[in-house]
Amino acid sequence: MAITDHLPRYPLAFLPTPLHSLPRLSAMVCDELQLPPGSRAIERLRSPRGLGTASSFQLLIKRDDQTGLAGGGNKTRKLEFLIADAQAKGADVVLTTGAIQSNHCRQTAAAAARAGLECHVVLSGAPPPQPNGNLLLDHLLGAKIHWTARENRPARLAELTEELRAAGRRPYPIVLGGSDPVGASGYALALEELWGQVRALDLKLDAIVFASSSGGTQAGLVAGAWALGWDVPLLGISVDEPAADLKAQVADLATRTTNHLGRPHTFTAGDIRVDAEYLGGGYAVMGDLEREAIRLLAQAEGILLDPVYTGRAFGGLLDRIRRGAFEPGQNILFWHTGGMPALFAYARELTR
Ligand SMILES: Cc1ncc(COP(=O)(O)O)c(C=O)c1O
């Protein structure tokens with residue numbers, strides 16, 4: 001029995017998502033990152049072995065960019081629980097909020113379409129002359145789009161919810177990133193899925209690395225690890241928050257998620273691993289770190305990252321490898337959380 005079996009779930013994702021090794025990247029990374037000759041990490045990276053061998057250093061990837069819902073991504077797993085909750089509460093319209101290139105809003109619009117619910121999204125900024133990337137997909141998926149200043153998003157979402165209610169509708173507001181205990185349950189279940197995959201391969205994972213922003217993905221993974229009794233290190237690379245803030249946020253949400261799962265546990269900030277060394281020019285500002293990571297993974301393995309989240313997180317992981325943060329013999333898993341449609345909104349920065 002899965003740890004979320006008692007919770008209502010609306011199927012949206014193609015699961016399990018693939019887990020596979022990155023053999024060419026492991027070989028190329030020595031040249032691309034100019035690791036100093038003679039480092040033990042290089043020797044391990046030069047001789048990647050097949051998936052399942054625990055004796056060699058290897059990079060692996062969990063493909064949540066392939067969840068299958070209108071371009072995929074991590075929000076699909078959260079939305080399986082959020083849409084089911086909306087339906088259980090009799091909602092006929094869902095609302096959420098995000099940045100202009102929000103992957104979360106795009107997947108919410110797709111999930112709502114699948115479930116036959118109306119969808120409103122509150123985006124920050126003003127409409128551009130020509131929508132592209134995720135915003136174009138929001139339009140195609142039939143979302144009703146509302147614009148406001150970034151700092152005004154929660155207030156506008158609350159106001160819109162009241163307007164819909166006053167008009168006789170049954171609205172279900174979803175917080176930024178779907179990061180509440182209902183949404184985070186999707187990542188507790190995801191960790192259980194991965195646990196099954198690694199056990200079937202008789203593989204020991206030494207670290208799981210991923211992008212962390214509104215904290216729901218990390219909180220769900222942390223809650224899932226607690227429920228399963230799996231003590232694998234879960235390292236969130238912060239996309240926009242200082243480490244102390246994100247750790248506190250994740251600890252609080254992980255605590256509330258274990259309550260929601262019926263396996264209560266209290267986490268403190270000290271239990272949460274976050275690296276906030278890669279915030280660069282700020283949220284959604286793409287720099288050399290992201291550009292290099294996107295090109296490297298694309299050209300080594302034919303896998304596309306995104307400019308805002310996974311580009312930053314994978315760039316951070318590569319930098320940590322360069323700085324010798326991992327030991328030879330370790331198996332490091334990068335959890336790809338999606339976001340590819342946003343690449344098209346960064347064509348200028350990516351072709352520089
Ligand atoms: C592609 C991608 N990766 C990672 C994240 C971060 O996930 P979370 O907000 O659950 O921390 C997001 C959030 O929007 C995302 O779109």
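Remember, it's 1-based here, ligands and their atoms both numbered in the order they're listed. What you see is a predicted model, and the numbers here were worked out from it, not measured in a lab. Numbering starts at 1 and runs along the sequence shown.
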Counting distance only, does the side-chain N/O of R153 pair as donor-acceptor with the main-chain N or O of G98 below 3.5 Å? yes
Which residues share a side chain to side chain donor-acceptor pair (under 3.5 Å) with S214, sequence neighbours left out: S179
Pairs under 3.5 Å, N/O atoms on ligand 1 and on the protein: can you put them in a table with the distances?
{"residue": "ligand 1", "atom": "3 (N)", "partner": "T337", "partner atom": "OG1", "Å": "2.6"}
{"residue": "ligand 1", "atom": "7 (O)", "partner": "N74", "partner atom": "ND2", "Å": "3.1"}
{"residue": "ligand 1", "atom": "7 (O)", "partner": "T217", "partner atom": "OG1", "Å": "3.4"}
{"residue": "ligand 1", "atom": "9 (O)", "partner": "S214", "partner atom": "N", "Å": "3.0"}
{"residue": "ligand 1", "atom": "9 (O)", "partner": "S214", "partner atom": "OG", "Å": "2.5"}
{"residue": "ligand 1", "atom": "10 (O)", "partner": "K78", "partner atom": "NZ", "Å": "2.7"}
{"residue": "ligand 1", "atom": "10 (O)", "partner": "G216", "partner atom": "N", "Å": "3.4"}
{"residue": "ligand 1", "atom": "10 (O)", "partner": "T217", "partner atom": "N", "Å": "2.9"}
{"residue": "ligand 1", "atom": "10 (O)", "partner": "T217", "partner atom": "OG1", "Å": "2.7"}
{"residue": "ligand 1", "atom": "11 (O)", "partner": "S213", "partner atom": "N", "Å": "2.7"}
{"residue": "ligand 1", "atom": "11 (O)", "partner": "S214", "partner atom": "N", "Å": "3.2"}
{"residue": "ligand 1", "atom": "11 (O)", "partner": "G215", "partner atom": "N", "Å": "2.9"}
{"residue": "ligand 1", "atom": "14 (O)", "partner": "K75", "partner atom": "NZ", "Å": "2.7"}
{"residue": "ligand 1", "atom": "14 (O)", "partner": "Y309", "partner atom": "OH", "Å": "3.4"}
{"residue": "ligand 1", "atom": "16 (O)", "partner": "N103", "partner atom": "ND2", "Å": "2.9"}

Backbone N or O of A227 within a donor-acceptor pair of the H265 side chain at under 3.5 Å? no
Under the side-chain contact (heavy atoms from CB on, under 4.5 Å) test, residues paired with A113 that sit two or more places apart: none
If the condition is side-chain contact (heavy atoms from CB on, under 4.5 Å), which residues does E118 pass it with, not counting sequence neighbours? V93, H120, K144, R169
Any donor-acceptor pair under 3.5 Å linking the side chain of T67 with the backbone of G73? yes
